[in-house]
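For reference, the structure discussed in these notes is given below.
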Amino acid sequence: MPLDLTNTLTRRKERFEPLDPGHVGMYVCGPTVYDTAHIGNARPVVVFDVLYRLLKRLYPKVTYVRNITDVDDKIIDRSRASGEPIEALTRRTTDLYHADMDALNALRPDVEPRATHHIGHMVALIGVLVERGHAYAAEGHVLFSVPSMAEYGQLSRRSQDELIAGARVEVAPYKRDPSDFVLWKPSREGEPGWDSPWGRGRPGWHIECSAMAKEHLGVTFDIHGGGLDLIFPHHENEIAQSRCAHHGDPLARYWVHNGFVTVEGEKMSKSLGNFFTVNELLDEHPGEAIRLTLLSAHYRQPLDFTKDGLRQSKLALDRWYQALRGDPAPVDAELPFEVLAALEDDLNTPLAISHLHELATAANKAEGAAKAAAKGALLAAGRELGLLEQEPEAWFRWAPKAAGALSDEAIEQAIADRQAARKAKNFAEADRIRKELAEQGVTLEDGPKGTTWKRG
RNA sequence: GGCGCGGUGGCAGAGUGGUCAUGCAGCGGACUGCAAAUCCGUGUACGUGGGUUCGAUUCCCGCCCGUGCCUCCA
């Protein structure tokens, strides 16, 4: 089965054909490490993690590159405001980012280049652009000359006239054209800076991705991903820089963009107070529930992130883990065809999820060897989505961080007491214990093989 | 203003030119000491007005509503 992806370049769903079927390259724009990741940052991570897993299944080798932007004005501002040195700030937020994304079961990329480790490549790239007349130096800055590239605007479908008409913000005096953008800017005393032919300074935002993508994936590679909002100006400018430096060769062949996240129907913003960091969500919700919520809408659709959505995701996972409970499922089962087909059709994760529900129903109904096989199929399907990666019992024992939850031992003891009461037909006492546990968020399930329990 | 996306049953959310999404919630049943979990059954859904068609939620046009981007925000 072939893979189809919606390519922003053509605005159409296209058959994915890698340059080299033996080795697929993918670049996704990563975080600027100045603050903890919020739920909007997590969506592309999870979406492209699903794509990465799928590509690894379909092709013998995949190189997934996701950068860390560790030089940026926001970092400088934050450091200045808090007094935390830049190195400490970027290291701390990078570590937290890793921990948070790990908790969402996102695989680490194969390469995670840091902008500060690629300044030399950026300077070299800028040098080529200046040499070829696509960039010019002015007042310590180096600017990309947008009018020098006839095809500028293809990805975002903007004509240069529109750009100029839309450039209402104040235009820096050193710009020859209002749409020109910064490749290199001067650093003042106390700001991070590197020596360059244009004086001590630091790179503009877009150039790092051009430089690092070239370094780790070559001039032209297969897939470039990121959030919808990056189409313009970031990706448009990356394309301009890279193509003009590389004799017009394409940068990426497939551009894949995920939709935005809103929270309870509103755009997420700090002023509205609906700004959720992944880290604080993880205190109250299992990582897999957050991940499933992010995958419950198609990646190109807007996603409204809600408490109720999280609750539903938790219930869905409860259902699947319930189906896996008991005798362990075989871990080497084949991925069910319909799940693979859903993912290959432009990463249709909601459809894949509906198949997981059907697989769970089938597993619940089956008996004996057929049950084991059905559980294996469900497990394989879940794992393909980066879900169902823990033991069912561990899942059901999960407790929110803040909860003064009963210990597992206390619960087990209460269950034993209740069993004794039940055996003595003292159902009033048995029900009292069950009610008491229920008030602590613990649900009991009496089965033929004894009583099992779960939190939440 | 320019470019774009979307309006599906109580909720979430796929999809399709002509019998089924799926899950949650609800209702009924089986199972259970009672529950929980599980299973079975259960719903005149596709913003609106036209058009194309034997037939449109699905294609085309208009309208209404919502929403995103327009220089450093994933």
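Since the structure is predicted, the reported quantities are computational estimates derived from the model, not experimental observations. Note: hydrogens, waters and symmetry copies are ignored here, and every other heavy atom, side chains too, is used. In the text below, chain A, chain B and the rest are named by the order of the sequence lines, each starting its count at 1.
B:U53 and B:C59 have their C1' atoms separated by 10 Å, given to the nearest Å. Rounded to a whole angstrom, the distance from the P atom of B:C60 to that of B:G29 is 48 Å. B:U48 sits 15 Å from B:C65 when the P atoms are compared, rounded to a whole Å. One C1' atom belongs to B:C61, the other to B:U52, and the distance between them is 11 Å to the nearest Å. Separation of the P atoms belonging to B:C5 and B:U44 is 35 Å when rounded to the nearest angstrom. Taking atom P in both B:G9 and B:G15, the straight-line distance is 16 Å, to the nearest Å. To the nearest whole angstrom, the two C1' atoms, one in B:G49 and one in B:G43, are 28 Å apart. Distance check on atom C1': B:G10 versus B:C3 gives 36 Å, rounded to whole Å.
Comparing B:G68, B:A74, B:G23 against the side chain of A:R319 picks out B:G23 as the nearest. Comparing B:C70, B:U38, B:G33 against the side chain of A:Q322 picks out B:U38 as the nearest. Set against B:C3, B:A74, B:C39, the side chain of A:K365 has B:C39 as its closest nucleotide. Closest to the side chain of A:Q301, out of B:A14, B:G33, B:A74, is B:A14. Considering only the side chain of A:H298, B:A14 comes nearest among B:A14, B:G33, B:A37. Among B:C72, B:C34, B:C73, the nucleotide with an atom closest to any side-chain atom of A:W205 is B:C72. The side chain of A:N348 sits closest to B:G15 out of B:G13, B:G68, B:G15. Listed candidates were B:G13, B:C73, B:U22. Nearest to the side chain of A:K267 is B:C73. Nearest to the side chain of A:Q312, among B:G23, B:C69, B:C72, sits B:G23. Side-chain proximity of A:L351 to the nucleotides B:U22, B:C40, B:A14 is greatest for B:A14.
Nucleic acid contact class of A:N364 (heavy atoms, under 4.0 Å, all strands): sugar-phosphate only. Within 4.0 Å of A:L444, counting heavy atoms only, lies at least one base atom of the nucleic acid. Within the 4.0 angstrom heavy-atom criterion, no nucleotide atom of any strand lies near A:A316. The residue A:G309 sits apart from the nucleic acid: no heavy atom pair falls under 4.0 Å. Within 4.0 Å of A:R66, counting heavy atoms only, lies no atom of the nucleic acid at all. Contact annotation for A:T262: no contact, since no heavy-atom pair falls under 4.0 Å across all strands. A:H357 comes within contact range of the sugar-phosphate backbone alone, with a heavy-atom separation under 4.0 Å but no base atom that close.
At whole-Å resolution of the value, CD in A:E367 and C1' in B:C39 are 11 Å apart. B:A25 atom P lies 11 Å from atom CG of A:D318, rounded to whole Å. Atom CG in A:D345 sits roughly 14 Å away from atom C1' in B:A21 (whole-Å rounding). Distance CZ (A:R311) to C1' (B:G23): 11 Å, rounded to an integer number of Å. Rounded to a whole Å, the CZ atom of A:R455 is 17 Å from the C1' atom of B:A36. Counting to the nearest Å, the C1' atom of B:G6 and the CG atom of A:L303 are 14 Å from each other. Computed from coordinates, the A:E358 CD to B:A21 C1' distance equals 7 Å when rounded to whole Å. Between the P atom of B:U71 and the NE2 atom of A:H141 lies a distance of 18 Å, rounded to the nearest Å.
Look at A:R432 and A:E429 and you find a salt bridge, because one of the NZ, NE, NH1 or NH2 atoms lies within 4.0 Å of a carboxylate O, short of that distance. Using a cutoff of 4.0 Å between basic side-chain nitrogens and carboxylate oxygens, A:R325 and A:E393 are scored as salt-bridged.
Donor-acceptor pairing under 3.5 Å, judged by distance alone, is absent between the side chain of A:N41 and the base of B:C73. If you check distances only, the side chain of A:D229 never reaches the base of B:G68 with a donor-acceptor pair under 3.5 Å. A donor-acceptor contact under 3.5 Å is formed by the side chain of A:R434 with the base of B:A35. In terms of polar N and O atoms assigned as donor or acceptor, the side chain of A:R11 never comes within less than 3.5 Å of the base of B:G4 in a complementary pairing.
For the OP1/OP2 pair of B:C73 and a distance below 4.0 Å, the side-chain nitrogens and oxygens of A:K74 include at least one atom meeting the criterion. Put simply, A:S296 has no side-chain N or O that comes within less than 4.0 Å of OP1 or OP2 on B:G23.
Between A:L315 and A:V261, the one whose closest nucleotide on RNA chain B sits nearer the 5' end is A:L315. Closest-nucleotide positions on RNA chain B for A:A42 and A:R300 were compared, and the one nearer the 5' end corresponds to A:R300.
Of all nucleotides present, only B:U67 satisfies the Watson-Crick or G-U wobble test against B:G4, with each distance under 3.5 Å. With a cut-off of 3.5 Å on both Watson-Crick or G-U wobble distances, the partner of B:G26 is given as B:U42. Base pairing of B:U53 is not made with any nucleotide, judged by Watson-Crick or G-U wobble geometry with both donor-acceptor distances under 3.5 Å.
With ring centers used as reference points, A:W198 lies 6.0 Å or more from A:H141.
Between the side chain of A:K13 and the main chain of A:D4, no donor-acceptor pair closer than 3.5 Å is present. In terms of modelled atom types and a separation under 3.5 Å, the side chain of A:T93 and the main chain of A:D35 share no donor-acceptor contact. The backbone N or O of A:K175 sits nowhere less than 3.5 Å from a side-chain atom of A:D180 that would complete a donor-acceptor pair.
A cation-pi arrangement is present between A:R176 and A:Y136 under the rule of less than 6.0 angstrom and at most 45 degrees off the ring axis.
A:R291 and A:S313 form no side-chain donor-acceptor contact under 3.5 Å, judged by distance and modelled atom types alone.
Results of the salt bridge (charged side-chain N to carboxylate O under 4.0 Å, His left out) test with A:D70 over A:R114, A:R92, A:R202 single out A:R114 as the only residue that passes.
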